[in-house]
Amino acid sequence: MSRPAILTVDDDPAVSRAVARDLRRKYGEHFQIVRASSGDEGLAALRELKLRGGRVAVLLADYRMPQMSGIEFLEQAMDLFPNARRALLTAYADTDAAIQAINVVDVDHYLLKPWDPPEEKLYPVVDALLEAWKAVPDREVSEIKVVGHRLSAPSWKLRDFLAANLVPYRWFTVDDPEGQRLLDAAGVGPEAVPLIVTADGRPLAAPSKAELAAAVGLSTEASQDFYDLVIVGGGPAGLGAAVYGASEGLRTVLLERRATGGQAGQSSRIENYLGFPDGVSGSQLTERARRQAGRLGAEMLTTRDVTAIEARGSARVVRFGDGSEISAHTVILATGVSYRPLQCPGASDLTGRGVYYGSAVTEASACKDSDVYIVGGANSAGQAAVFFSQYARSVTLVIRGESLERSMSYYLIQQLAAIENVSVRTCTEVVGAHGDGRLEELTLHCSNGNTSDRVEAGFLFVFIGAEPRTDWLGDTVARDPRGFVYTGTDLMLDGKRPAGWDRDRDPFHLETNVPGIFAAGDVRANSVKRVASAVGEGAMAVTLVHRYLEGQ
Ligand SMILES: Cc1cc2nc3c(=O)[nH]c(=O)nc-3n(C[C@H](O)[C@H](O)[C@H](O)COP(=O)(O)OP(=O)(O)OC[C@H]3O[C@@H](n4cnc5c(N)ncnc54)[C@H](O)[C@@H]3O)c2cc1C
């Protein structure tokens, strides 16, 4: 924790130095003494302290200063640090005017200059001010601060990005007085939100994901032009490949468009991953895997969306949206799958404002006393229902089928049955989302009886199956009709190798139709959609990368 500040403002350098010296002597061990020579300079120092999340205990201002009087300074300082205690320094001749002014603004004390000896005239006053401040102190905010609108998609996306990347932050709405103070300190209005203030006090208005990532210390730029292995996608398969690739001496870089962890990172509890008998949350697993890959030497870049791939001679080249490229001997595609969008009127307009894809754990506390609906009948939806039942008034799982048995694990069905505020609506679909500015109601259609009803709903979380987003692979990498990447024996037709294949061997088990480009995890055609299998395939792909490199 940093020391709270005592700030003194005086335009007379000799007086200013003397006050600061006396304050430092008695309070310097526990407080930082900040000195300013004008009201403007004092306010600038306070703005900086506000953005850094610092605390201010006492403000001492000279009454008579040329551009801004001590009273004006204290008035403005109060907007930034309302809990700081305030005192005016006055010359004897100004006492009456100062007392009048004290009645106008809320100043705790006035101190007559000179204050010698400080033991008698200065310290007792400052002690009293500090006592008063300690009764209602400020709280230090050392994390990143985010100011935004509660019901705005850009604010939600920014918070979701930070949460997914496991970056701790403190959230303030624009209506919150502290949110307002941060906007003032940053010198911007509410139109600039979402505003992010970094831990070292740097304000960034509506940053792009790449700017945000860089500001919070996530790497976005590759350190080299050429690698042994480029991994596209930072889910379990990509992280698994990164751990094995780096630990086996390959120059490895992992490229992730959003946040490492992938789908698994969104899981509130993974119960069936080997070695975690009590289950593990997706974020814990991700945090450990990311640390492990980093420690072993893998480079990990976020907010890097790979948009094209090509074989250029023996190099395998991936391209980003901005036209920049990274080349390597080999590539592992580990891009997994993404949620299918809910196709019904209103759903897209209300996304981020009550309608969310995946668990959106950032919204958990906002769900308090709300009716939450979850669409989907797979384990991911079941886990979300268990999770949100701890916060919401009610949780309703909406599924098309007649029961959960065919799509959800037995242990989860049992778990859900035992939770009082969770119910299941079978044979039902969400056919409309309604609300003015945020989700308020849903229309549900029940195929069993062909009836529709409109229900109040504060939140809708969508888990309706997923699809690979692999269009960017173009004609280079062969895929099945649904977009999953063919590998190994799936590429062999009637015992024949794929068209254009130029090696005197068959494709390796996880190799695509382009030698040196591999696929692992959910994105691979006919893969098992599990964390363990994704991690295993990531590891196996690295072994095949070695084999490929040996044959080069
Ligand atoms: C809520 C939930 C709960 C689950 N619970 C369990 C469970 O309990 N047990 C279990 O075994 N499985 C569970 N699963 C399934 C499991 O999470 C997946 O099988 C696993 O995450 C697949 O890993 P992956 O690395 O192949 O892909 P993903 O996890 O999908 O990761 C792919 C990554 O690639 C990134 N990416 C995609 N395209 C690009 C691109 N062009 N450029 C850069 N990056 C890109 C994505 O942003 C993503 O981070 C769950 C899934 C969900 C959604």
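Predicted model, so just to flag it, every value in this text is computed and none were measured. Read the numbers this way: they start at 1 and go in the same order the structure lists the ligands and their atoms. Note that the numbering runs from 1 along the sequence shown for the chain.
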Any Tyr273 heavy atom less than 4.0 Å from ligand 1: no
Gly521: numbered ligand 1 atoms lying under 4.0 Å from its heavy atoms: 26 (O)
Axial cation check for Phe484 ring with Lys529, 6.0 Å and 45° limits: yes
4.5 Å side-chain heavy-atom contact, Tyr356 and Phe459: yes
Element-labelled atoms of ligand 1 that are located less than 4.0 Å from some non-hydrogen atom of Ala334: 32 (C), 33 (C), 34 (O)
Side chain, backbone, both or neither: Tyr339 near ligand 1, heavy atoms under 4.0 Å: side chain
Ligand 1 contacted by Arg469 (non-hydrogen, < 4.0 Å): no
Test of proximity, Val523 against ligand 1: N or O pairs below 3.5 Å: no
Atoms in ligand 1 with a heavy atom of Val337 nearer than 4.0 Å: 30 (O)
Rounded distance [0.5 Å steps], OG1 in Thr330 versus OH in Tyr227: 13.0 Å
Option of least heavy-atom distance to atom 33 (C) of ligand 1 (set: Glu256, Arg530, Gln383): Glu256
Distance-only polar pair, side chains of Glu440 and His434, donor-acceptor under 3.5 Å: no
Centroid-centroid distance, Phe461 to Phe388, less than 6.0 Å: yes
Contact check, Ala259 vs ligand 1, heavy-atom distance below 4.0 Å: yes
Numbering as shown, the atoms of ligand 1 that approach Trp472 to under 4.0 Å (heavy-atom distance): 41 (N)
Residue part near ligand 1, for Val232, under 4.0 Å between non-hydrogen atoms: side chain
Ion pair Asp322/Arg304, N-O distance below 4.0 Å: yes
Within-cut-off N or O pair, Arg258 and ligand 1, under 3.5 Å: no
Side-chain H-bond candidate by donor/acceptor type, Ser394 with Asp371, under 3.5 Å: yes
Interfacing atoms of ligand 1 (cut-off 4.0 Å, heavy-atom, Asp305): 40 (C), 41 (N), 42 (N)
Salt-bridge present (Arg319, Glu310; N to O < 4.0 Å): yes
Greater than 12 external heavy atoms within 6.0 Å of Asp504's CG: no
Carboxylate-amine/guanidinium proximity below 4.0 Å for Arg503 and Glu511: no
Region of Thr260 that comes within reach of ligand 1 [heavy atoms, distance under 4.0 Å]: neither
Tyr548/His329 aromatic ring centres below 6.0 Å: no
Which of the ligand 1 atoms, numbered from 1, are nearer than 4.0 Å to a heavy atom of Leu255: 43 (C), 44 (N)
Arg400 CZ: over 12 foreign heavy atoms closer than 6.0 Å: no
Region of Ala534 engaging ligand 1 - heavy atom pairs below 4.0 Å: side chain
Side chain to side chain donor-acceptor pair (under 3.5 Å) assessment of Glu402 paired with Thr426: CA-CA 5 Å; Glu402 288 178 358; Thr426 55; over 6 Å; no
contact_flag Asn379 ligand 1 heavy-atom lt 4.0 Å: no
Pair Asp453 + Arg425: basic N to acidic O under 4.0 Å: yes
Close N or O approach (Phe463, ligand 1; < 3.5 Å): no
Residue Gly234 vicinity, atoms of ligand 1 by number, heavy atom under 4.0 Å: 33 (C), 34 (O)
Sub-4.0 Å atoms of ligand 1 with respect to non-hydrogen atoms of Gly262: 29 (O), 31 (O), 48 (C), 49 (O)
Nitrogen or oxygen atoms of Val306 and ligand 1 under 3.5 Å apart: yes
Non-hydrogen atom of Glu537 closer than 4.0 Å to ligand 1: no
Winner among Gln263, Lys529, Arg304, Arg524 once heavy atoms are compared against atom 29 (O) of ligand 1: Gln263
